[in-house]
Student: 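Quick one: structure below, then a few questions.
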Amino acid sequence: MTNSELIKQLFLSFSNKDNESFELVARKYIERAKRKKHNIVAKDLEKALYGTKNISSSQKRFKNNMPIPRDTEKGFPLLEIQHFDKNFDHLIISKETKEQLEQVIREFKDSDILATYNLEYKKKILLCGKPGTGKTFSAQIMSSVLNMPLIYIRFDAIISSYLGETAGNLRKVFDFIEHGTWIVLFDEFDIIGKNRDDNHEHGEIKRVVNNFLQMLDNVKGDSIILAATNHQNILDPAIWRRFDDVVYYNLPDEKSRCQLFEIYLKPIKRDKDIDIVKFSQITQGLSPADIKMITEEAMKFAIINSRSSISMNCIEIAVNKFIRREKVRNNKVGEDNG
Ligand SMILES: Nc1ncnc2c1ncn2[C@@H]1O[C@H](COP(=O)(O)OP(=O)(O)OP(=O)(O)O)[C@@H](O)[C@H]1O
Ligand SMILES: [Mg+2]
């Protein structure tokens, strides 16, 4: 979003008397100024928005000067701080899933009110479902919408270090998290699933997971902690219990696949006879990420062939290429003439 679009949004929130949206957009603007190292401007704006009284709490919320924790042995960073500018418009998920995510956001925004009733907002959420259905994407959107940076942690990166170091790595990550307010994503949590056939490894992983769960139980601070997996079926009950909510991502139905084709083909002009419904019919079982890949392939095909608009043929070629690729992946190539 450009600066002038942000300012337009700010004006709109004002004229709609929508204080919540006004604050969100204003925060976005301030965070942007900070990223550009316009610190004096950011500070002034922050003062104007919150007054001096609340400035320290607002800063506490968004600031953390601790160095990024690193793996002791190999020195690689254990997490990444990421910033996004995304919204729910391009996330095609079922109504139920969307409502669940919105509920998480609303509870977080109203956490003070909930607290007066001794209730806590949903803090630890498990995102699960097939690959490429929007789990990581959702974390990025939540980070944008709530205007809190995303702390991205690849669970397997923490584990792949030397034995015995894992617990230390996890501790460092949690220490960091507790010193700020973030959307935290433990991504690729499925390491727990991948190693289940290897008994020795599995025992080790189990210890790591238990360790993780203990830290998760005791985590302090006001962050929202997400863990994403596509092996939810083998997670043991101890894990399920630890999460305040479990959000499940379905593969898209035909109508959703149609919407995905529409969204992802938006950047290019189309021939008049383009039949999106046909493509959504023949892509049953594919994920949103698969459809994104197909549309990108089709657009590139049109562009490098100097077409002024995309044709049915371009998309057909991309779909067939993708289906063939899937057959190779599943060792089915050569079983028919496709
Ligand atoms: N539901 C969706 N609606 C629209 N686009 C989507 C959706 N899901 C995925 N995408 C697109 O595909 C990309 C990859 O998806 P994402 O990384 O969120 O998948 P994932 O569920 O985290 O998969 P994995 O389990 O493999 O990590 C996204 O950045 C987005 O562009
Ligand atoms: Mg992911």
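These values consider heavy atoms only, across backbone and side chains, with no hydrogens, waters or symmetry-generated copies. As the structure lists them, so they are numbered: ligands from 1, and atoms in each ligand from 1.
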Student: Is Glu107 salt-bridged to Lys122, cutoff N-O under 4.0 Å?
Tutor: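 The answer is yes: the pair qualifies as a salt bridge.
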Student: Do you see an N/O/S atom of Thr136, backbone or side chain, under 2.8 Å from the Mg ion (ligand 2)?
Tutor: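 A backbone or side-chain N, O or S atom of Thr136 is under 2.8 Å from the Mg ion (ligand 2).
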Student: Do NZ/NE/NH1/NH2 and the carboxylate oxygens of Lys135 and Asp187 come within less than 4.0 Å?
Tutor: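 Judged by the 4.0 Å cut-off on N to carboxylate O distance, Lys135 and Asp187 do not form a salt bridge.
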Student: Compare every heavy atom of Thr133 with every heavy atom of Asn250, then report the nearest pair and how far apart it is.
Tutor: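 Closest pair (atom of Asn250, atom of Thr133, distance): O-CG2, 3.8 Å.
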Student: For a quick check: using heavy atoms under 4.0 Å, what are the residues in contact with ligand 1, sorted by chain and number?
Tutor: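 The 4.0 Å shell around ligand 1 contains His90, Leu91, Ile92, Ile93, Pro131, Gly132, Thr133, Gly134, Lys135, Thr136, Phe137, Glu188, Asn230, Leu260, Tyr264, Pro288, Ala289, Lys292.
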Student: So does Asp175 pair up with Arg171, basic N to acidic O under 4.0 Å?
Tutor: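 Yes.
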Student: Return the set of residues passing salt bridge (Lys or Arg N to Asp or Glu O under 4.0 Å) with Glu80 (not counting sequence neighbours), or none when no residue passes.
Tutor: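 Counting only residues at least two positions away or on another chain, Glu80 forms no salt bridge (Lys or Arg N to Asp or Glu O under 4.0 Å).
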Student: How are the rings of Phe176 and Trp182 set relative to one another: parallel (under 30°), tilted (30 to 60°) or perpendicular (over 60°)?
Tutor: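 If you compare the ring of Phe176 with that of Trp182, the planes turn out parallel.
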